[in-house]
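Just so we're clear, the structure is a prediction, and the values are computed from it rather than from any experiment.
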Amino acid sequence: MRRPRKRPYGEPHPELDLTRALGGVRRETGRSGRSFTVRTVRAEKTYTCPGCNGTIQVGVSHVVAWSEDHLFGAEAALAERRHWHSGCWSQARHR
């Protein structure tokens, strides 16, 4: 059995990758001031990007985003999440 490598005394702790620790989920604010929960995922089926109406093919890394302030609560917001090309999402946030 292999022993785990211990950090030598005095060596600094490695910096925490918060995005990785949160499972890739992050919070972003759009230009309108609305807050969104955003996650980068790989497509398991095809989706239509609302930014360009193009197709997101299976296996392509893209962004899933949903509003945090939905009139009918968190479950309704999650049900209305949308799959965006990463570039389309970035452009939409800055418009």
Which pairs of donor and acceptor atoms, one on a side chain in residues 42-59, lie under 3.5 Å apart (sequence neighbours left out)?
unit_1: R42; atom_1: NH1; unit_2: G59; atom_2: O; d: 3.0

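- When the side chain to side chain contact (heavy atoms under 4.5 Å, CB included) test is applied to S86, the partners found at least two apart in sequence or on another chain are V63.
- Side-chain N/O atoms of R81 and S67 include no donor and acceptor closer than 3.5 Å.
- Remark: E80 engages no residue in a salt bridge (charged side-chain N to carboxylate O under 4.0 Å, His left out) (not counting sequence neighbours).
- Interatomic distance, T37 OG1 to R26 CZ, rounded to the nearest 0.5 Å: 10.5 Å.
- A search for side chain to side chain contact (heavy atoms under 4.5 Å, CB included) contacts involving S35 returns T29, E68, not counting sequence neighbours.
- Partners of P12 under the side chain to side chain contact (heavy atoms under 4.5 Å, CB included) rule, at least two apart in sequence or in another chain, do not exist in this structure.
- Two residues are said to be in side-chain contact when any heavy atoms from C-beta on lie closer than 4.5 Å; V41 and S61 fail this criterion.
- Screening H83, R82, E28 for a side chain to side chain contact (heavy atoms under 4.5 Å, CB included) involving W89 leaves a single residue, E28.
- Considering only heavy atoms from C-beta on, V38 stays 4.5 Å or farther from R27 through its side chain.
- The side-chain hydrogen bond (donor to acceptor under 3.5 Å, both in side chains) test applied to H85 returns no partner, not counting sequence neighbours.
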